[in-house]
Participant: 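Sharing a structure below in structure tokens format, with a few things to ask.
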Amino acid sequence: MSVRLALNSNSHTDDQVEAAPADTIKAGMPRSLEVILAFVALVLSAPLLALALAAIFLSSRGPVIFRQTRIGQRGRPFIIYKVRTMSVSHDQRAEVTAADDARILRVGRWLRRAKVDELPELWNVLKGDMALVGPRPEVPRYVDTQNPLWKIVLQARPGITDPVTFSLRNEETLLSRVDGDREDFYLRTLQPYKLNGYVAYLKERSFWRDVKILLQTCRAIVMPNTVLPPTIKGI
């Protein structure tokens, strides 16, 4: 089965993704608590976000906020928000980004390493598109709704972080070491690795585990050397 499936963003409805058994995935952090935490985080990070947006505005022409369609819970598309870190003058068709990608701005490289570019996703959490903790959302053409793993993953609200994303903080560096077609490597090797990890997390998810993941993520952002990322061979 091909892992690539082009989807029409207007065709996603609630019945497009078959419901998984009720006991397939478990509940994590309550939505009400996520909204409070996301609001507080957005307020506290506002000065840093403002500096990041100013840096992009001064260093590159184009919008300072990057918008992209992703697939959310039950296969519904939504717009994800990030600080733009890539030049708009380069070819934007490639969805897979490696650390050596020529499209990445000089200041954008630092923003991506520090994960500052993902701060606007807190707005997605407030809107209800995303959760603080959950599987990362994919672009439409990388989602296969006939894949049993995707059917499980799409039952959950996508998140900013999760155990797989936490362990793959070096994903862009990892991709830069791939010889040959990086998109093919992503689709045939890395994405299946992620999907299996997402499913394993969702089946064991709990409130306290989500809290632990959030704390680990915050620690990894401040002290990135504390996280031992997987290698290509490990994947």
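The structure displayed is predicted, hence computed values, not measured ones.
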Participant: With rounding to the nearest 0.5 Å, note down the distance linking CD1 in Ile36 to CG in Leu132.
Facilitator: 11.0 Å
Participant: So, does Ser206 use its side chain to make a donor-acceptor pair with the main chain of Arg209 at under 3.5 Å?
Facilitator: yes
Participant: Do Met130 and Val125 make a side-chain contact, defined as non-hydrogen atoms from C-beta onward lying under 4.5 Å apart?
Facilitator: yes
Participant: To the nearest 0.5 Å, what is the distance between NZ (Lys203) and OG1 (Thr24)?
Facilitator: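 Nearest 0.5 Å value for the NZ-OG1 distance: 6.5 Å.
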Participant: Test of understanding: with ring pair (Phe, Tyr, Trp, His ring centres under 6.0 Å), list the residues that count as partners of Tyr186, not counting sequence neighbours.
Facilitator: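 So Tyr186 forms a ring pair (Phe, Tyr, Trp, His ring centres under 6.0 Å) with Tyr142.
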Participant: Any chance CZ of Phe57 has more than 12 other-residue heavy atoms, nucleotides or ligands included, within less than 6.0 Å?
Facilitator: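 Open: at most 12 neighbouring heavy atoms sit under 6.0 Å from CZ of Phe57.
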Participant: With no hydrogens and no angle check, is any side-chain donor or acceptor of Arg76 less than 3.5 Å from a backbone partner on Asp129?
Facilitator: no
Participant: Tell me, please, which residues at least two apart from Glu138 pass salt bridge (charged side-chain N to carboxylate O under 4.0 Å, His left out).
Facilitator: none
Participant: Is the side chain of Asp210 donor-acceptor paired with the backbone N or O of Arg205 at a distance under 3.5 Å, no angle test?
Facilitator: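 It does not hold such a pair.
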Participant: For Ile160 versus Thr165, what's the shortest heavy-atom pair and its separation?
Facilitator: O-CG2, 4.3 Å
Participant: Going by the salt bridge (charged side-chain N to carboxylate O under 4.0 Å, His left out) test, which pairs reach into residues 166-178, not counting sequence neighbours?
Facilitator: Arg112-Glu172, Glu171-Lys194
Participant: Distance from Thr173 atom OG1 to Leu168 atom CG, nearest 0.5 Å?
Facilitator: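 Nearest 0.5 Å value for the OG1-CG distance: 11.0 Å.
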Participant: Grab the two heavy atoms, one from Asn147 and one from Leu149, that are nearest each other, plus how far apart they are.
Facilitator: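 Closest approach of Asn147 to Leu149: OD1-N, 2.8 Å.
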Participant: Can you tell whether the side chains of Arg182 and Asp100 come within less than 4.0 Å, N to carboxylate O?
Facilitator: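 The answer is yes: the pair qualifies as a salt bridge.
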Participant: When rounded to the nearest 0.5 angstrom, what is the spacing between CD1 in Ile213 and CH2 in Trp208?
Facilitator: 13.5 Å
Participant: Can you name the nearest heavy-atom pair linking Pro135 to Asp162, along with the distance?
Facilitator: CA-OD1, 4.1 Å
Participant: Identify the heavy atoms of Leu33 and Phe207 that sit nearest to each other, and give their distance.
Facilitator: CD2-CE1, 3.5 Å
Participant: So how far is it from Ile152 CD1 to Tyr198 OH, rounded to the nearest 0.5 Å?
Facilitator: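 Separation between the atoms: 14.5 Å.
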Participant: Taking all non-hydrogen atoms of both residues, which atom of Ile56 and which atom of Thr85 are closest, and how far apart?
Facilitator: CD1-CA, 4.4 Å
Participant: On a heavy-atom basis, which atom in Val116 and which in Val83 lie closest, and how many Å separate them?
Facilitator: O-CG2, 4.0 Å
Participant: Any carboxylate oxygen within less than 4.0 angstrom of a Lys/Arg side-chain nitrogen, looking at Glu34 and Arg157?
Facilitator: no
Participant: Please determine whether the number of non-hydrogen atoms from other residues, nucleotides or ligands lying under 6.0 Å from atom NZ of Lys127 exceeds 12.
Facilitator: yes
Participant: Counting only N and O atoms by type, is there a donor-acceptor contact under 3.5 Å from the side chain of Arg70 to the main-chain atoms of Ile80?
Facilitator: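 No; judged by distance alone, with no hydrogens or angles, the pair does not exist.
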Participant: Salt-bridge test for Glu121 and Lys115: reply yes if a basic N is under 4.0 Å from a carboxylate O, no otherwise.
Facilitator: no
Participant: For Arg136 and Gly159, indicate whether the former's side chain and the latter's backbone hold a donor-acceptor pair under 3.5 Å.
Facilitator: yes
